[in-house]
There are 2 protein chains.
Amino acid sequence: MEQKSTQNKSKRGGLRVNAGRKVDTGLFGEPTSVIRVPESQKGVVKDFLSAYRNKQLKQESYNHLEIVAADKSGDIALPLFTSKVAAGFPSPADDHIEKRLNPNDFLIDQQDATFFVTISGLSMRDAGLLPNDKAVVDRSKIPAIGDIVLAVIDSEYTIKMLAKTKQNQPRLLSANPDFAPIEIKEGQQFEIWGVVTGSFRRFK
Amino acid sequence: MEQKSTQNKSKRGGLRVNAGRKVDTGLFGEPTSVIRVPESQKGVVKDFLSAYRNKQLKQESYNHLEIVAADKSGDIALPLFTSKVAAGFPSPADDHIEKRLNPNDFLIDQQDATFFVTISGLSMRDAGLLPNDKAVVDRSKIPAIGDIVLAVIDSEYTIKMLAKTKQNQPRLLSANPDFAPIEIKEGQQFEIWGVVTGSFRRFK
DNA sequence: ATTTTGATTGTTGTTACAATAATCAAATGG
DNA sequence: CCATTTGATTATTGTAACAACAATCAAAAT
């Protein structure tokens, strides 16, 4: 392998006095250091850090979280294309329009039991719920194991997947390995506020 | 220093089969791991961790003692949560809901230029677009670098993020490391059919 | 029966390291 | 001569490793 002396590689390169990555060009624009955190809080800390990064980028403050009631007025049904192929699908000329779709109808079953909540944090990332997405919460649905729910634990609201322990106690799972499951212990206030039946977002 | 053979130390000790510190006897009662944080936020994270520790302690006394009911009110302030960003957000009492949101208004700008497409495949997974999601495609928007677009390459349709090469040729990026970028070569038919301005889905 | 002591094993803050990323300028190619 | 390629250089970043510390055990000593 060695060919130090007989190398005939190209003669590019050589000393670069001022080369190299510049300082503070990392994610945070400042030096970092490591810190030890309990396994179960890893996700929380990471969430905080990514929010901190965003805050640095755009001077915006953290999005204020609030529950918003659903308004289903207006009646627009727009074309929906079919696509069954993974990489591509045939030209959506007008004859490929399968049907028309009204997002309001698609998303909302019981208008007066439906609310929207803005997602914050990455704890449901792998379920496709990203920060700033709107989650559709239906209070009239009966929660089942496996559902994504809006739960209240000691008056803290959180969106998690509903599961149960072997002792049939509620257990809330994140969709992100950085976040530990939450077990509801005796004496804790716990309520399932509603079932997350859908979500929507804007990209642009 | 060595005195292996001539040692006349006391004869205490010897094998201790079950000796040693017990697991999870540390500060947090659970395993820990290290994480890298920006220097300036080290204190914030440490504050959070010590508050978390207190909270754990308190929780414990709740479960085992019955005389602590008095200080239930004094909830520990978790610095990380003050910005409502990470794990929970404040209780939205039902009568505090003033705003209403109409998904159609939120998602659709130009009614007659908007179409829906059903996502298939995982190539845009990390952008939060999962199979069966509905993408909102607006044909009236002008595509910009960084936008998610519905593109047509040799009459195959695909949803990707728009980028460009150094030669200013279009380049389509997936939001999933398993998928390679697509470069548009000379002679290929290429068109940006519309800009993906949003998406929505149902969970249940 | 209590205390001392060495062995044992987990925690914890820090350092080290390898993989990646960013940047520079010489060499190359048109 | 100018844009691109290439290797060198330097910083970031997640993780592994380490050493000092802490907790626990039981044999030996008191």
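Convention: sequence-line order gives letters A, B, ...; per-chain numbering from 1.
- Both Gly20(B) and Gly26(B) lie near DNA chain C, and the one whose nearest nucleotide falls closer to the 5' end is Gly20(B).
- Residues satisfying the salt bridge (Lys or Arg N to Asp or Glu O under 4.0 Å) criterion with Lys204(B), sequence neighbours excluded, are Asp147(A).
- Ser140(A) and Asp138(A) share a side-chain donor-acceptor pair at under 3.5 Å.
- When the P atom of dT12(C) is taken as reference, atom CZ of Phe28(B) falls 7 Å away, rounded to whole Å.
- Contact annotation for Thr32(B): backbone-only contact, meaning every heavy-atom pair under 4.0 Å involves sugar-phosphate atoms and none involves a base.
- The CG atom of Asn18(B) sits 10 Å away from the C1' atom of dT8(C) (whole-angstrom rounding).
- Closest approach to the Lys22(B) side chain among dT23(C), dA11(D), dT24(D) is made by dT24(D) (side chain taken as heavy atoms from C-beta onward).
- Between the CZ atom of Arg53(B) and the C1' atom of dT11(C) there is a distance of 13 Å, given to the nearest Å.
- Heavy-atom nearest nucleotides on DNA chain C were determined for Thr25(A) and for Leu27(B), and the one closer to the 5' end corresponds to Leu27(B).
- Nearest heavy atoms, Tyr52(A) versus Pro38(B): CE2-CG, 3.8 Å.
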I need a per-nucleotide contact map over nucleotides 14-21 of chain C, read 5' to 3'. Cutoff is protein heavy atoms under 4.0 Å; write B for the base, S for backbone only, - otherwise. BBB----B
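- Every residue two or more places apart in sequence or in another chain was checked for a salt bridge (Lys or Arg N to Asp or Glu O under 4.0 Å) with Arg21(A), and none qualifies.
- For the pair Asp24(A) CG and dT13(D) C1', the computed distance is 14 Å after rounding to whole Å.
- Ring pair Phe200(B)/Phe116(B): centre-to-centre distance below 6.0 Å.
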Could you give me the CA-CA distance, side-chain angles and deciding distance for Glu39(A) and Thr32(B), then say whether side-chain hydrogen bond (donor to acceptor under 3.5 Å, both in side chains) is met? CA-CA 5 Å; Glu39(A) 213 74 74; Thr32(B) 62; over 6 Å; no
